[in-house]
Amino acid sequence: MDKALYDATGIHWPVQLYEPDEAAKLYDRYCSFQTEVKARRGREAFIKPHLVSTWLDGIVRHPVVVAAVEAAIGPDILLWESDFFVKAAGKGTYVGWHQDSPYWDLSTNEVVSVWLALTASKGEMGPLVVLPGSHSDGQIGRLDIEGSPHDAYSDGERTADAGNLVSFEHKLDGLIDETTAIEVELEPGYFSVHHVDLVHGGQPNRSSCDRVGFVMRFISSNTYCRAGRDSATLISGRAPASEHFVLEPRPSADYTREGLAALEAALAYPSGFGDKPLK
């Protein structure tokens with residue numbers, strides 16, 4: 001990864017993870033995953049699915065992914081959260097301008113998101129749109145809620161406009177320049193890496209196919225959630241302080257009873273928020 005460019009813009013892409021023949025199978029693998037999980041769990045899994053799948057566990061630990069994350073935040077790495085981000089075709093749903101940092105309430109900005117395309121994410125599909133360099137001002141604006149966003153998630157609170165895939169509005173009036181926006185287009189099997197303070201969003205998916213990404217949220221071992229003791233997966237380097245995190249187990253096989261129990265346990269912690277499809 002070009003660290004100087006990442007530091008300047010807050011994003012790096014595209015990075016290839018899969019060759020074209022394997023990339024062409026990613027959407028089918030996603031569909032198969034959800035079918036298998038639903039048969040055992042009674043519903044699909046969108047948050048922390050890496051806890052029940054050796055395929056996804058392999059992705060979050062893939063040397064190419066870990067190298068990019070290490071370049072951004074250093075060698076002591078936790079996977080705070082993973083999720084499938086689905087923008088359904090023809091629904092008109094969008095993602096308003098926001099930073100991730102105020103929603104997550106983490107103690108540092110040593111945090112990156114790795115956005116892996118399981119389908120194409122370009123053109124009419126409503127790809128990620130970013131304001132390059134907007135991370136350099138740190139956390140800006142405010143959410144239109146009082147108190148902890150994690151409490152608001154737990155209480156089912158929602159203040160965002162209908163169709164906005166984020167639950168709360170991030171008030172950024174007069175603080176950003178939308179004319180600098182660029183689209184982060186990705187082919188299947190490629191990923192982007194972006195900073196937690198980068199302002200980003202996305203237009204509706206106007207194509208005839210769902211847009212699906214597997215998104216990994218990595219933090220340094222120095223970072224913790226202010227909402228309380230949390231759950232995370234150790235990827236590399238130094239383990240975090242035990243008062244801040246319970247470490248999640250790796251899946252020994254796919255869709256095991258132990259893995260499903262680990263998933264349900266992890267979803268009870270702050271990083272397990274939003275256990276529902278983002279469509």
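This chain uses plain numbering: 1 for the first residue, then up along the sequence. If you're wondering where the values come from, they're calculated on a predicted model, not measured in any experiment.
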Item checked: Distance-only donor-acceptor check, side chains E81 and S271, under 3.5 Å ->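 Side chains of E81 and S271: no pair found under 3.5 Å.
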So, do [X] and [Y] have ring centers that fall under 6.0 Å from each other?
X: Y153; Y: F168; result: yes
X: W115; Y: W13; result: no
X: F33; Y: F84; result: yes

Margin query: Testing E169, H170, E178 one by one against W97 for a side-chain hydrogen bond (donor to acceptor under 3.5 Å, both in side chains), which residue passes?
Written below: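 Among E169, H170, E178, the one that satisfies the side-chain hydrogen bond (donor to acceptor under 3.5 Å, both in side chains) with W97 is E178.
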Ignoring hydrogens and geometry, is there a side-chain-to-backbone donor-acceptor pair from [X] to [Y] under 3.5 Å?
X: D57; Y: P251; result: no
X: T223; Y: I219; result: no
X: R29; Y: S32; result: no
X: Q99; Y: S101; result: no
X: S236; Y: P75; result: yes
X: Q139; Y: V196; result: no
X: H200; Y: L198; result: yes
X: D2; Y: L5; result: yes
X: S167; Y: R158; result: no

Check: Any side-chain heavy atom of Y224 within less than 4.5 Å of one from L106?
Finding: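 Not in contact.
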Margin query: Going by the rule salt bridge (Lys or Arg N to Asp or Glu O under 4.0 Å), which residues pair with D137 if we only count those two or more places apart in sequence or in a different chain?
Written below: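 Salt bridge (Lys or Arg N to Asp or Glu O under 4.0 Å) check on D137 returns nothing, list empty.
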Check: Charged N to carboxylate O under 4.0 angstrom, E185 versus K122?
Finding: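 No, this pair does not count.
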[atom1] of [X] to [atom2] of [Y]: how many Å apart, nearest 0.5 Å?
X: I11; Y: H194; atom1: CD1; atom2: NE2; answer: 7.0 Å
X: Y27; Y: D210; atom1: OH; atom2: CG; answer: 5.0 Å
X: R226; Y: H244; atom1: CZ; atom2: NE2; answer: 11.0 Å
X: Y30; Y: F214; atom1: OH; atom2: CZ; answer: 11.5 Å

Margin query: Applying the side-chain contact (heavy atoms from CB on, under 4.5 Å) criterion to L116, which one of V60, L17, L186 satisfies it?
Written below: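 Considering V60, L17, L186, a side-chain contact (heavy atoms from CB on, under 4.5 Å) with L116 is found only for L17.
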Next item on the list: Show your reasoning for whether side chain to side chain donor-acceptor pair (under 3.5 Å) applies to E124 and S207.
Entry: CA-CA 5 Å; E124 291 187 340; S207 76; over 6 Å; no
